[in-house]
Amino acid sequence: MIPGFATRPQRSSYDVVIVGGAIMGSSTAWFLTDNPDFNGSVLVLERDPTYAFASTTHTNSCIRQQFSTELNVRISQFAADFVKNLRERMGGDERVPELSIHSFGYLYLADTEDFAKRLRANQQVQRAAGAATELLSAEEIRAAHPFYNVDDVVLGSINRVDEGYWDGATVFDWWRRQARERGVEYVADEVVAMTKNAAGTLIESVTLASGDVIACGHVVNASGPRAKQTATLAEIDIPVEPRKRYTWIFKAEKPLEQDLPLTIDPSGVHVRENGGGTYLCGGHADHDPGVAFDDFIMDHTLWEAKIWPAIATRIPQFAAVKVQSEWVGHYAMNTFDHNAIAGPHPVIGNFLFLNGFSGHGLQQSPAMGRGTAEWLTYGAYCSLDLTPFHFNRISEGKPIPEYAVI
Ligand SMILES: Cc1cc2nc3c(=O)[nH]c(=O)nc-3n(C[C@H](O)[C@H](O)[C@H](O)COP(=O)(O)OP(=O)(O)OC[C@H]3O[C@@H](n4cnc5c(N)ncnc54)[C@H](O)[C@@H]3O)c2cc1C
């Protein structure tokens, strides 16, 4: 058995049952234990304690302020503050390392006037929320970063404050460690069924693959790309599906002489600094359907057909590179509006969503875990108001589109 995971729950009833023990489930568990007003019991159920297929272990672990939805900017601002003050946030625990953000910035490149218009509109939202986003002409980009080919570029958008790489794996690890030390149980088992009360307004219990039936005060769906499957157990349909996202680490024969911002090429391919003359590059196939939960097959044609040509055109110095490693992971894509789905179901009030992060969930985990813990404790949000992300916008057909999806 994997250390930290029990095979069976110690009790038959918990105040909060969290389905999925990766970063969202663990953030929620930790924030619950960090709140002196919460005195309940918490069970985290994880079907795969190796996390071999979780989004959390396939992530690129970056943070940005450049979103089109103001709430997302504020969510990332809290994440930046949390990461930069990790030890203090975790009670001054001397075992917890001090972290920083490697702020190389995200640089969005627009090659059409329509896209440039979108970047200008996004910048207004970001600046109003306090982000330091700057718009750059092609000449300004060339002057600051002579390695780019900007012949087709109409406009660029960059923010060098609290945008870049952070060590998400360490935060995930410490949330789990402290949550366990404070009494949260992590059990290796899969939730395979749920029962409701006669009125259909409450989840009464979850059934595990082992056969155990656990009564619950609240259930939190923190199942990542499997969110739809978990929601179906409560007879709820949510517009979230797994989408394949590919990552390559490569070494350049002639590394750049300065840090490479996380550059979002108009083709959708993105590439960033990875240290030591290596770079991280991400992208997906043009045909991008929802896939099976267990489909992690690598597309070996993609690098040569799409990814490398795009980056070598944008950065001619990347004409000579060597791929060192590659992997495929799943985004939990919210196909309705690309924003998180949070809070309670409007009818089944003790079923909470923590889903649909569409590729920006790692940086959202501090604020979403904190908010979910507040809702579980007080039935309301005390810090950042997450109600715009509640499920009712979906049932009412009122999307809040997030346009900055990478
Ligand atoms: C290639 C890639 C790059 C990314 N880059 C970034 C980035 O740079 N910045 C960023 O902010 N985000 C990024 N993301 C997104 C981010 O990683 C995810 O949004 C985040 O990790 C989601 O965490 P989660 O806990 O919701 O889901 P997951 O990590 O997928 O965890 C869900 C867990 O639930 C478990 N589970 C599912 N069903 C059940 C069940 N029935 N019973 C018990 N357990 C169950 C699963 O086993 C899994 O461990 C990236 C994602 C990918 C794939």
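In each ligand, atom 1 is the first atom listed, and ligand 1 is the first ligand listed.
The shortest N/O to N/O separation between Gln363 and ligand 1 falls below 3.5 Å. Of the polar atoms of Phe357, none of the N or O atoms is found under 3.5 Å from an N or O of ligand 1, judged by distance alone. At least one N or O atom of Thr59, backbone or side chain, sits closer than 3.5 Å to an N or O atom of ligand 1. In terms of polar-atom proximity, Arg47 is counted as a contact of ligand 1, with an N or O under 3.5 Å from an N or O of the ligand.
The distance from ligand 1 to the heavy atoms of Arg226 drops below 4.0 Å at these ligand atoms: 37 (C), 38 (N). Residue Gly359 has at least one heavy-atom neighbour below 4.0 Å for each of these atoms of ligand 1: 6 (C), 10 (C), 12 (N), 13 (C), 14 (N), 15 (C). Heavy-atom proximity to His330, at under 4.0 Å, picks out these atoms of ligand 1: 53 (C). Within ligand 1, counting atoms from 1 as listed, the ones closer than 4.0 Å to a heavy atom of Leu45 are 43 (C), 44 (N). For ligand 1, the atoms closer than 4.0 angstrom to any heavy atom of Pro225 are 30 (O).
A salt bridge between Lys306 and Asp299 is absent, with no side-chain N of the basic residue lying under 4.0 Å from a carboxylate O of the acidic one. Residues Glu70 and Arg74 are paired through a salt bridge, judged by an N-O separation under 4.0 Å between the basic side chain and the carboxylate.
Rounding to the nearest 0.5 Å places NE2 of His330 at 8.0 Å from OG of Ser55.
Side chain of Gln66 to backbone of Tyr106: a donor-acceptor contact under 3.5 angstrom is found.
Heavy-atom distances between Ile63 and ligand 1 stay at or above 4.0 Å for every pair.
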